[in-house]
Undergrad: 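My questions will all concern the structure given below.
In what follows, chains carry the letters A, B, and so on, assigned in the order in which the sequence lines appear, proteins first and then strands, with residues in each chain numbered from 1.
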Protein chains: 2
Amino acid sequence: MDNTLAMIEGEGRQRILAAAEKLFSAKAFDAVSMNAIACEAGISKANIYHYFPNKDTLYLAVLRVASHNLRAVLNEAVSAHGSVLDVLRHFARNHLQALLNRPQLVRLVWREILERGAPRAQEFAEQGFADMFSALVDVLKLGQSRGEFRQDFDPALVATLLLGANVFFFQSRDILRHYPPITFADDPAGYDAGIVEILLRGLVPASS
Amino acid sequence: MDNTLAMIEGEGRQRILAAAEKLFSAKAFDAVSMNAIACEAGISKANIYHYFPNKDTLYLAVLRVASHNLRAVLNEAVSAHGSVLDVLRHFARNHLQALLNRPQLVRLVWREILERGAPRAQEFAEQGFADMFSALVDVLKLGQSRGEFRQDFDPALVATLLLGANVFFFQSRDILRHYPPITFADDPAGYDAGIVEILLRGLVPASS
DNA sequence: GTCTATAAAGGGATAGAC
DNA sequence: GTCTATCCCTTTATAGAC
């Protein structure tokens, strides 16, 4: 079996998937026409149907690849070594940075989470969530078992809080930027550093 | 001027707006047809064009009303009296409860925030954001000025963290529910109580 | 104000040549 | 594998009677 042949055979499919990913990332399912995808891919509309039986299948294929890639990017970003505190700080910062580095993938997957009550979204989205939650919960539990953290908080709750802070930042960055008292809209690293410090030390003075 | 007449005159328009709001809340702009709106409103499709020149204008009218209502609901929910800590706790809980009470409004406005890079979204969305941020930042600043909170954190950052936690909970509740270590997916009050306690006391033991 | 009927355009999908 | 041409349906929007 010749590799070159396999690559050529897959080339058309790849072009379509890339074009579809780009367009589906920018607009919702119904707002993207097969015609637009064909134009973006530089092929004819009918040719798409040689590779995919219908629009829905194409969309699902795009979503499958995208969520897989996003998951890999995120998992890669948050892997770290060092003390519990260092790992936590790096997790927060790198997770957010990974989101900001791949805005299209995030938008694509996240829209699926928000729009569809359908079961297919969950399949992909939950994987990414589960990875992040597991990693983060493990870090927090380790901190607890070592006595570096309190024992009386729920690690899953803190994980939700931290992931939510990053997702919210990613989603509403443009709005945050236009709101005067906010100075960190263009400083994601500073944002996460501030958040982690607050989480660690709390709002109430230590003397209390 | 007779009130009844005014109400009858506005009735058709109201029926259309209500139907459109319901459908636009459930699906994206391009996924909702004028035909579907007409059916939902129980009138003919052509009749819609007597009140609105085109689909885009109708959508914008829906968005305008929805964001106004959502803003009122949220502002109402978070108004509270008492000690700084009580106000903070009530803010968190009531804000999230208000989101959960009006899921359609939240979805409608929030989709607009996420989808459009367009300027019109900002106009509405920023108002709601500004209200919440202002109220929350004021509470935090008051706590700081009274010495009940540390001086060395950014109130806007904590406000973002808290609002983000609630929005994230609202958005990903279905996913959270299916993830084993999470026990608070159906307990928003407990979720916010836990979050606020963590924020106040921090993760690190007080002895450190 | 409300309707039926229809126009004009674009959508997804297919047929069949090459 | 890729294309052009086409089918059929739905879409937005309009015309015009009542």
Undergrad: Would you be so kind as to tabulate the donor-acceptor pairs closer than 3.5 Å made by side chains of residues 33-47 of chain A, with sequence neighbours excluded?
TA:
unit_1, atom_1, unit_2, atom_2, d
A:S33, OG, A:A36, N, 3.0
A:E40, OE2, A:K22, NZ, 3.1
A:S44, OG, A:N47, N, 3.3

Undergrad: How does protein contact run along nucleotides 12-18 of chain C, one letter per nucleotide 5' to 3', with B for base contact, S for sugar-phosphate only, - for none, heavy atoms under 4.0 Å?
TA: BBBB---

Undergrad: Please name all residues satisfying ring pair (Phe, Tyr, Trp, His ring centres under 6.0 Å) with A:F169, sequence neighbours left out, ordered by chain then number.
TA: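 Expected list: A:Y191.
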
Undergrad: Sequence neighbours excluded and cut-off under 3.5 Å, please list the side-chain donor-acceptor pairs for residues 133-142 of chain B, or say none.
TA:
unit_1, atom_1, unit_2, atom_2, d
B:S134, OG, A:Y179, OH, 2.7
B:S134, OG, B:A130, O, 2.8

Undergrad: May I have the distance from B:L58 (atom CG) to D:dT11 (atom P), rounded to whole angstrom?
TA: 15 Å

Undergrad: Strictly by salt bridge (charged side-chain N to carboxylate O under 4.0 Å, His left out), give each pair with a member in residues 60-77 of chain B just once, sequence neighbours left out.
TA: B:R64-B:E123, B:R71-B:D131

Undergrad: Test: side chain to side chain donor-acceptor pair (under 3.5 Å). Region: residues 154-167 of chain B. Which pairs qualify, not counting sequence neighbours?
TA: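 Of all non-adjacent pairs touching residues 154-167 of chain B, those that pass side chain to side chain donor-acceptor pair (under 3.5 Å) are B:H95-B:N166.
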
Undergrad: Taking B:A26's backbone N and O only, do any of them form a donor-acceptor pair with B:Q104's side chain (distance below 3.5 Å, no angle check)?
TA: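 No, the answer is negative, given that no donor and acceptor are paired below the 3.5 Å cut-off.
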
Undergrad: Taking only side-chain nitrogens and oxygens of A:N47, does any of them come within less than 4.0 Å of OP1 or OP2 of D:dG1?
TA: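 No, A:N47 has no side-chain N/O under 4.0 Å of OP1/OP2 on D:dG1.
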
Undergrad: Separation of B:H50 atom NE2 from C:dG1 atom C1', in whole Å?
TA: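 From B:H50 NE2 to C:dG1 C1': 5 Å.
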
Undergrad: Run the side chain to side chain donor-acceptor pair (under 3.5 Å) test against A:N101 and tell me which residues pass, sequence neighbours left out.
TA: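 With sequence neighbours excluded, A:N101 shows a side chain to side chain donor-acceptor pair (under 3.5 Å) to A:Q97, given in chain and number order.
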
Undergrad: Using whole Å, what does the distance between atom P of nucleotide D:dC3 and atom OH of A:Y51 come to?
TA: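 Checked: the OH to P distance equals 9 Å.
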
Undergrad: With sequence neighbours excluded, what pairs up with B:F149 under the ring pair (Phe, Tyr, Trp, His ring centres under 6.0 Å) test?
TA: none

Undergrad: For DNA chain C, which residues in residues 21-28 of chain B have a heavy atom at a distance below 4.0 Å?
TA: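 Nothing qualifies; none.
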
